[in-house]
Amino acid sequence: MEELINIFVKSIFIDNMVFAYFLGMCSYLAVSKTVKTSVGLGLAVIFVLVITVPVDYLLTEYVLGPGALSWLGESYKDIDLSFLSFIMFIAIIASMVQLVEMIVEKFAPALYASLGIFLPLIAVNCAILGGSLFMQEREYTSVAQATSFAFGSGIGWFLAIVGIAAIREKIKYSQVPAPLRGLGITFIVTGLMGIAFMSFMGIKL
Amino acid sequence: MFSKKNLKLLSNPLGDDNPITVQVLGVCSALAVTVKVEPAIVMGISVMVVTAMANLIVSLLRNTIPSRIRIIVQLVIVAALVIVVDQVLKAFAYDVSKQLSVFVGLIITNCIIMGRLEAFALGNKPWASFLDGIGNGAGYGMILIIIAVVRELFGAGSITLPGIGEIRIVPQVLYDMGYSNNGLMILPPMALIVVGIIIWVQRSRNTDLIESN
């Protein structure tokens, strides 16, 4: 349990997807003009991460990893399919997003309407594929750990995009030098937020 | 073959139509690999190869891909190309491949590639699409290398080139006189601030790019 909380806190603050690894920057920059839309996108990212990362974990563990196919019998235990992981992960993510979209549309029409276009776009958000690839690289040992990592990183991404959206709403009223307006100042503010988040470094539960 | 129009496809992304600073595509995996110059160069070349080949293949297939399922077809083509690049890097440049870690895989979701496929390759002939891919990959690589040179020069006082290794730029004399490396440059947030400054410089020189707010 302690291990899970540790992974959770670490992936929100210390290994924050945006500030430490720059994942999902494209949608982070494009959709952070107002707080309302960024909350929608942030929720959708949390949602999809929590679903895809555990599925990809199971896939690595039982199909793709070195020796993962040994449950099929002795002769399969030398097979290592890990070179296929990119294509499998992206296929899983694309189909999961489609599935989530259909389920949400059916059972929670209000949520579906508020997420709108963001849900399908998430399939090509690097934060999602990055979550799966980091999960594979860091070698988590159970589904619970993978889920906790996914949930934590989702929340970290959510905090980052809502924070920058709030700052951008206020920055409209300030005198930014003309060449920095829009994109330039957003980069610099993100950098400053990143420095602020670095003060969490070294926290260990 | 290299008419004026085609040369423009190559040169535009290097300047006024740069994928990172103007189109805002592909920032995702760009910044994390710029602590040293070597991985930045390798990453730039990898993205250039994938963008050019994906543009070429999609452009060849553009009349046969049903538009309803085009995203997934594009993803599969890109993923297959990235697997090839990843395996080549693992075989011939293992150290760099380790440093790039997950960011090679993240080329799949790099918005430059999807963006160029959607905006250019689906509506243009193969040769033009190929050049567009090379141009955009080069524009991306150029920004990566500029950021990496600034960060490594001020952060570690050296430049690392592939095949040559580390070259010390800041002489020992300066260190003896009390100069020290700026450790902040190596940390992730400085990459963002360096990009911000590049955008600032570019837009001060070319005022057409300034956003209305």
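Below, read A as the first sequence line, B as the second, and so on, with proteins coming before strands; counting in each chain starts at 1.
- To the nearest 0.5 Å, atoms CD1 (A/I87) and CG (B/L75) are separated by 9.5 Å.
- The candidate from A/S27, A/G191, A/G24 with the greatest count of non-hydrogen atom pairs under 4.5 Å with chain B is A/G191.
- Note that CZ of B/F103 and CZ of A/F22 are 8.0 Å apart. Values are rounded to the nearest 0.5 Å.
- Checked against ring pair (Phe, Tyr, Trp, His ring centres under 6.0 Å), B/F154 has no partners two or more places apart in sequence or in another chain.
- Taking chain A as the reference chain and counting heavy-atom pairs below 4.5 Å, the highest number among B/I72, B/L184, B/V201, B/L187 is found for B/L187.
- Taking non-hydrogen atoms and a 4.5 Å limit, the residue list of residues 81-90 of chain B in contact with chain A, ordered by number, reads B/V82, B/I83, B/D86, B/Q87.
- When each of B/V76, B/V194, B/I108 is scored by its heavy-atom pairs under 4.5 Å with chain A, the top score falls to B/I108.
- Contact detail for B/P189 and A/G194: the closest heavy-atom pair is CG-C, 3.7 Å.
- More than 12 heavy atoms of other residues, nucleotides or ligands sit less than 6.0 Å from atom CZ of B/F120.
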Problem - Worked verdict on A/M25 versus B/L192 for side-chain contact (heavy atoms from CB on, under 4.5 Å) - result: CA-CA 11 Å; A/M25 283 296 282; B/L192 292 161; 3.5 Å; yes
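- Around CD of A/E137, the count of heavy atoms belonging to other residues, nucleotides or ligands within 6.0 Å exceeds 12.
- Looking at residues two or more places apart in sequence or on another chain, you find a side-chain contact (heavy atoms from CB on, under 4.5 Å) between B/Y175 and B/R168, B/V170, B/Q172, B/Y179, B/N181.
- For B/I198, no part sits under 4.5 Å from any heavy atom of chain A, backbone or side chain.
- For a residue to count as touching a neighbouring chain, one of its non-hydrogen atoms must lie under 4.5 Å from one of that chain's; by this rule A/F86 touches chain B with backbone and side chain alike.
- Applying the ring pair (Phe, Tyr, Trp, His ring centres under 6.0 Å) rule to pairs touching residues 121-142 of chain A yields A/Y21-A/F134, A/Y140-A/F149, sequence neighbours excluded.
- Contacts between A/L183 and chain B at a heavy-atom distance below 4.5 Å involve backbone atoms as well as side-chain atoms.
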Practice task
Could you please spell out the steps behind the side-chain contact (heavy atoms from CB on, under 4.5 Å) verdict for B/T109 and A/I90?
Solution key: CA-CA 9 Å; B/T109 49; A/I90 200 74; 3.9 Å; yes
Exercise for the section: Could you walk me through whether A/L180 and B/R203 pass the side-chain contact (heavy atoms from CB on, under 4.5 Å) test, one step at a time? Expected result: CA-CA 8 Å; A/L180 267 180; B/R203 292 189 182 183; over 6 Å; no
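- Neither the backbone nor the side chain of A/M193 comes within contact range of chain B; no heavy atom of the residue lies under 4.5 Å from a heavy atom of that chain.
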